[in-house]
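Below is one structure, written out as structure tokens, with a few remarks after it.
Whatever order the structure lists ligands and atoms in, that order sets their numbers, starting from 1.
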Amino acid sequence: MVHLPAIVSNFSTFAQELGELAVRNLQRKASVAARPTGTKASYDVADLGLAARGKQRILWVDQQMPVLARLREQFEKEKPLKGLVMGACLHVTSETANLMRTLKAGGADVACCASNPLSTQDEVAASMVKDFGISVYAIRGEDRDTYYRHLAAVLQRKPRMTMDDGADLVSLLHTDFSAQADDVLASMEETTTGVTRLRAMQDDGALKIPVVAVNDAMTKHLFDNRYGTGQSTLDGIIRATGVLLAGTVTVVAGYGWCGRGVASRARGLGANVIVAEVDPIRALEAAMDGFRVARMSDAAKVGDVFITVTGDKHVLAGSHFALMKDGTLLANSGHFDIEIDIPALTKMARKVELDVTPNVDCYHMPDGRRLYLLGKGRLVNLACATGHPAQVMDMSFATQALVARWVANQGRLPVQVHNVPSDVESMVASLKLKAMGIKIDTLSPDQKHYLSSWSAGT
Ligand code: ADE
């Protein structure tokens with residue numbers, strides 16, 4: 001597929017698009033950077049002809065996102081984001097499309113780019129543009145230059161609020177677009193890796209904009225990181241390889257919320273799970289959760305499937321590849337493609353055979369062993385499958401939408417990393433329970449009083 005490195009301007013209504021094909025073909029020649037800023041809706045997607053399939057998928061997952069749908073109705077009436085230009089750098093999936101629809105219903109002018117070059121669902125990107133009037137700059141498999149050009153295209157819209165998944169957009173806002181930083185009310189960060197980066201910026205005194213750590217909300221990481229990553233990581237591995245996990249030795253590196261989810265779901269499928277974890281408390285938790293815990297140098301010799309979810313670099317390195325068995329599967333579910341040392345793997349290999357089956361590359365070692373890398377070491381759940389299920393993204397994205405409304409009400413927050421207000425968390429959890437048909441008890445006044453008093457004893 002030929003990806004045209006241009007932003008294609010879309011004038012007023014999407015019905016006009018066909019008639020304007022000739023104009024747009026000329027415009028394809030212009031580079032993203034050369035486009036005038038402030039254009040209402042512009043885009044760079046793989047193929048608008050894919051939109052019908054994308055729309056079907058967006059509406060399908062919408063049924064599984066009842067909390068977000070409810071907020072969308074409310075936003076439609078109340079317009080809490082009226083006139084606000086918003087820039088989002090998220091995985092461009094059907095679930096993200098429903099978040100963008102919600103922000104737009106709230107009155108925002110939304111532009112969206114991908115937070116990973118390999119996670120974009122091209123049909124969804126096309127439908128977001130064609131059916132929902134959202135500016136999208138994202139093409140699955142885009143190279144590094146295009147990826148950054150797309151981020152720049154979002155920032156050229158001069159957003160007053162941003163959403164990020166991995167902090168790449170905020171990083172660009174601190175470098176090439178730093179002149180705009182003072183105008184940003186706040187940015188919301190979706191993932192652990194991003195929050196870690198932003199806290200490091202805060203500690204270094206480098207942070208120039210207020211940030212809300214959406215990832216750290218309980219309605220996000222307790223569900224999305226654990227159940228979302230847990231299921232979707234294995235979904236990606238299974239879709240790419242068809243492997244029967246039962247009976248395998250599956251090694252999970254990292255026992256944060258994502259690692260816990262992956263380890264427990266792998267065990268559920270019958271894998272014999274080994275956890276490799278550098279934090280002594282987490283390692284102990286893994287042991288008491290019933291997992292084998294080992295150093296990677298020991299696990300490397302016995303594992304059949306390796307899954308990294310640490311957020312750190314080179315968790316699987318040359319010394320480990322040297323020990324691995326023939327046929328080993330290597331997958332990463334951390335945000336960046338640095339957890340598996342791919343340059344070392346490439347250097348060690350006699351030959352690299354691409355796409356031995358879709359999304360699986362074979363690294364032939366000089367001694368005849370074959371190591372298989374899934375999704376080029378990028379997030380396996382999005383590179384080889386469709387990411388977290390909609391039911392869980394419902395909670396993450398409802399949290400994002402409510403935080404956007406809160407920020408719009410507050411005005412510019414102090415420049416620091418903020419937590420999500422607890423009433424946002426309570427509202428999302430309550431709405432989700434309601435949507436699931438679950439009723440819970442409430443405390444009586446007497447019980448509330450008891451909990452807040454200190455004098456009642458034995
Ligand atoms: N991150 C993980 N899964 C996702 C999904 N389905 N949509 C957007 N972001 C995600």
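Without hydrogens or angle criteria, Asp355 side chain to Asn359 main chain gives a donor-acceptor distance under 3.5 Å. In this structure, His335 contributes its side chain and Asp165 its backbone to a donor-acceptor pair below 3.5 Å.
The protein heavy-atom contact nearest to atom 5 (C) of ligand 1 is Thr93 OG1, 3.6 Å. Remark: minimum distance from atom 1 (N) of ligand 1 to any protein heavy atom is reached at His91 CD2, 3.6 Å. Ranking protein heavy atoms by distance to atom 6 (N) of ligand 1, first place goes to Glu95 OE1, 3.0 Å. Met393 CE, 3.6 Å is the protein heavy atom nearest to atom 10 (C) of ligand 1.
Against a heavy-atom cut-off of under 4.0 Å, Thr386 is close to the following atoms of ligand 1: 6 (N). Near Thr96, meaning under 4.0 Å from any of its heavy atoms, are these atoms of ligand 1: 7 (N), 8 (C). Remark: ligand 1 atoms within the under-4.0 Å shell around heavy atoms of Phe397 are 8 (C). Within ligand 1, the atoms closer than 4.0 Å to a non-hydrogen atom of Leu382 are 1 (N), 2 (C), numbered from 1 in the order shown.
Looking at ligand 1, you'll find an N or O of His388 within less than 3.5 Å of one of its N or O atoms.
Nearest heavy-atom pair across Leu169 and Cys113 is CD1-SG, 4.5 Å. The minimum heavy-atom distance between Val428 and Met395, with the atom names listed, is CG1-O, 3.8 Å. Closest non-hydrogen pair, Arg140 versus Asp122, comes out as N-OD1, 3.0 Å. Thr310 and Val315 get closest at one heavy-atom pair: OG1-CG2, 3.1 Å.
Here the rule is side chain to side chain contact (heavy atoms under 4.5 Å, CB included) with Leu68, and of Asn98, Asp62, Val61 only Asn98 fits it.
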